[in-house]
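Numbered from 1 within each chain, the chains take letters A, B, ... in sequence-line order.
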2 protein chains.
Amino acid sequence: MPKQPEPEQPGGSAPQAAALRLGVDRTSPVPLYFQLSQQLEAAIEQGRLAPGSLLGNEIELAARLGLSRPTVRQAIQSLVDKGLLVRRRGVGTQVLHSKVRRPLELSSLYDDLEAAGQRPTTRVLRNTVEPATARVAAALGVAEGADVRLVERLRYAHDEPMARLRNHLPVELLDCDTAQLESTGLYRMMRAVGITLHSARQSVGARAADAEEARLLGEAPGAPLLAMERTTFDDTGRAVEFGDHIYRASRYAFEFQLLVRP
Amino acid sequence: MPKQPEPEQPGGSAPQAAALRLGVDRTSPVPLYFQLSQQLEAAIEQGRLAPGSLLGNEIELAARLGLSRPTVRQAIQSLVDKGLLVRRRGVGTQVLHSKVRRPLELSSLYDDLEAAGQRPTTRVLRNTVEPATARVAAALGVAEGADVRLVERLRYAHDEPMARLRNHLPVELLDCDTAQLESTGLYRMMRAVGITLHSARQSVGARAADAEEARLLGEAPGAPLLAMERTTFDDTGRAVEFGDHIYRASRYAFEFQLLVRP
DNA sequence: GAGTGGTCTAGACCACTTG
DNA sequence: AAGTGGTCTAGACCACTCC
């Protein structure tokens, strides 16, 4: 059981993690496994851990950090779940050859545009209470004809129209202040009142713009549009929103990353 | 520390798991946590664990099954990751109100159609080696003009054209037998030769059909099409495929489930 | 205050891959 | 045969929620 540092130069995939300054702060309220996974993730993002390189075995890593192996495993596992690392039994844990960023998130168009530096703005076209159509009632799990809030908005980026967003919400869920709707995204408003979003069922298709849609979005009638329907659920399983949205295909596409589930 | 079975009827959310026949087989090579998670998943799917009901605390569950708490936690965690359960500190673990099925997977159109009972068939339009265009070279990480295999297929469901699939692959990756391409999906062929798919970067947009595309798909010129570009990576981080696909919007939409990452 | 999940430890044995 | 990750145990203390 050699304790001295090994020469280790077997090709180009020797453990590089040994050179990293890793360490945890036990006085911090941040969980130890999370501190470690953040440090490793930062090292990968910054290229200090080269793609394809081995991380070094878990036992040694645990010993070096003064942690138990399960704790180190928990840190590594979270990065495997993010797609940054790959484990192979009998081989080791390898840094994936970049290219991978984030798996698909339940994203808000507002946040997406803001993150892209697109300066999103919103015009509220409608903010009313209407009886639920059969389609909306089925999606939200309410009775057909029951009161449902209808919010229709036009979303701009750099003052160019990008999308028409039509959302249906249970009336009791949220105080939909029009001024607030114009200054932020719907998901942010939900989170602000304590709703924990959990999952969404989406459908993405395409269709031709009708005259009204073309006028709103500044496209020609018949122009191709991206159409998305989405039902969002909170962590109690309740449907909190049904959206029926159209996007200008000339200006917008959905980009996302998928991970294969093992 | 009350050891006797409690009356427990606090509303409608008492632990129902007590009524379940759970048990693990220690002689099986299947991991204990996996056996447990499968049993719980089946109980949820079949409604034997009602949505919203509590699972009962982990310690007790572990004791009942003769397992350690970490093992039980691992089983529960895998179902939380699948979106079937929700944990709340101080409260318990609850079954989510159904509706949730699978998060988005890296799906093959062939498998999707087959799973939907759509009887997919394929016509190979091209199966050649071509020099890589700039776009393809960038996606696959090869030199511009380098040899790349080009596979172009028309995919039918019930003998109706659904999509035109155009794939670019590194030449050395796969023996692309045309007969095989007509009888199965590309991902299956990759898995069959030991390629482990890991992730994909996708972009979904819409555009109008040109004359050629319209003719192939049986649509009118100018009809809206769903357009998807996808680069797929294996678990070494290597790009194994770049796809440039169009789907008839009148016949096809992408459906998927998203989970919010905590 | 009682009960829950969240985190952590210090070991153990097994299965798989590689030389 | 050696080294790796995969699984598992039997405890422990803490943070949060609810009564």
Side-chain angles (χ1 to χ4, degrees), chain A residues 1-3 6 8 10-11 13-15 17 24-37 53-81 85-95 194 196 235-236 262, chain B residues 1-3 6 8 10-11 13-15 17 24-38 53-63 65-81 85-95 194 196 235-236 262:
Chain A
M1 192 191 286
K3 276 268 174 34
E6 306 230 84
E8 74 187 9
S13 59
V24 294
D25 172 9
R26 301 192 89 101
T27 70
S28 163
V30 178
L32 302 178
Y33 79 90
F34 193 74
Q35 293 184 37
L36 177 54
S37 72
S53 66
L54 291 170
L55 201 59
N57 79 61
E58 300 172 347
I59 317 272
E60 189 193 351
L61 193 52
R64 185 149 67 92
L65 292 165
L67 296 172
S68 70
R69 186 183 168 204
T71 301
V72 171
R73 273 185 68 81
Q74 192 175 0
I76 291 174
Q77 186 58 48
S78 73
L79 298 182
V80 171
D81 291 341
L85 297 176
V86 182
R87 283 205 240 239
R88 297 171 198 261
R89 194 187 326 212
V91 179
T93 302
Q94 280 180 306
V95 179
T196 305
D235 63 356
T236 70
Chain B
M1 194 190 288
K3 277 264 171 40
E6 305 230 85
E8 74 186 10
S13 59
V24 295
D25 172 9
R26 301 193 88 101
T27 70
S28 162
V30 178
L32 302 179
Y33 79 90
F34 193 73
Q35 293 184 37
L36 178 54
S37 74
Q38 279 189 316
S53 66
L54 291 170
L55 201 61
N57 79 62
E58 300 172 348
I59 316 275
E60 190 192 349
L61 192 53
L65 292 166
L67 296 172
S68 70
R69 186 185 168 202
T71 301
V72 171
R73 275 184 67 80
Q74 193 175 359
I76 292 175
Q77 186 58 47
S78 73
L79 298 183
V80 171
D81 291 342
L85 297 176
V86 182
R87 283 206 241 240
R88 299 168 197 264
R89 195 190 319 215
V91 178
T93 303
Q94 282 180 305
V95 179
T196 305
D235 63 354
T236 70

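Rounded to a whole Å, the CD atom of A:E58 is 14 Å from the P atom of C:dT9. Between A:R26 atom CZ and C:dT7 atom P there is a gap of 15 Å when expressed in whole angstrom units. Put simply, CZ on B:R87 is 9 Å from P on C:dT7, counting in whole angstrom units. One atom, CG of A:L65, and another, C1' of C:dC8, lie 14 Å apart when rounded to the nearest Å. Rounded to whole Å, atom P of D:dG5 lies 8 Å from atom CZ of A:R73. Distance, B:L54 CG to D:dC18 P: 12 Å, rounded to whole Å. Note: CD (A:Q35) to C1' (C:dT7) measures 12 Å, nearest angstrom. As a whole-Å value, the separation of B:L61 CG from C:dG3 P is 18 Å.
In this structure, the side chains of A:L85 and A:V95 come closer than 4.5 Å at one or more pairs of heavy atoms. At least one side-chain heavy atom of A:Q77 sits less than 4.5 Å from a side-chain heavy atom of A:V80. B:L67 places none of its side-chain heavy atoms less than 4.5 Å from the side chain of B:E58.
Taking every heavy atom of both residues into account, A:S37 and A:S78 meet most closely at CB-OG, 3.4 Å. Taking both residues in full, the closest heavy atoms of B:Q35 and B:V30 are given as NE2-O, 2.9 Å, listed atom of the first, atom of the second, then distance.
If you check every strand for non-hydrogen atoms under 4.0 Å, B:L67 touches sugar and phosphate atoms only. Looking at heavy-atom distances under 4.0 Å, B:I59 makes no contact with the nucleic acid at all.
Using a 4.0 Å cut-off, some side-chain N or O of B:T93 falls inside it from OP1 or OP2 of C:dG5. Residue B:Y33 places none of its side-chain N or O atoms closer than 4.0 Å to OP1 or OP2 of D:dC8. Applying the 4.0 Å criterion to OP1 and OP2 of D:dT4, one finds that A:N57 has a side-chain N or O inside that range. The phosphate of D:dT9 (OP1 or OP2) has a side-chain N or O of B:T71 nearer than 4.0 angstrom.
Candidate nucleotides C:dC8, D:dT9, C:dG6 were compared by shortest atom distance to the side chain of A:Q74, and C:dC8 ranks first. Side-chain proximity of A:P70 to C:dG11, D:dT7, C:dC8: nearest is C:dG11.
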Fill in the blank from the handout: With B for base contact, S for sugar-phosphate-only contact and - for none (protein heavy atoms under 4.0 Å), nucleotides 12-19 of chain C reads B--BBB--
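The side-chain contact (heavy atoms from CB on, under 4.5 Å) test with B:T71 is passed by exactly one of B:V24, B:L65, B:L36, B:L32: B:L32.
We find the CG-CG distance between A:D81 and B:D81 to be 6.0 Å, quoted to the nearest 0.5 Å. Expressed to the nearest 0.5 Å, how far CZ of A:R73 lies from CG of A:L61 amounts to 12.5 Å.
The end-to-end axis angle of the helix from C:dG1-D:dC18 to C:dT18-D:dA1, rounded to 10 degrees and based on five pairs per end, is 20°.
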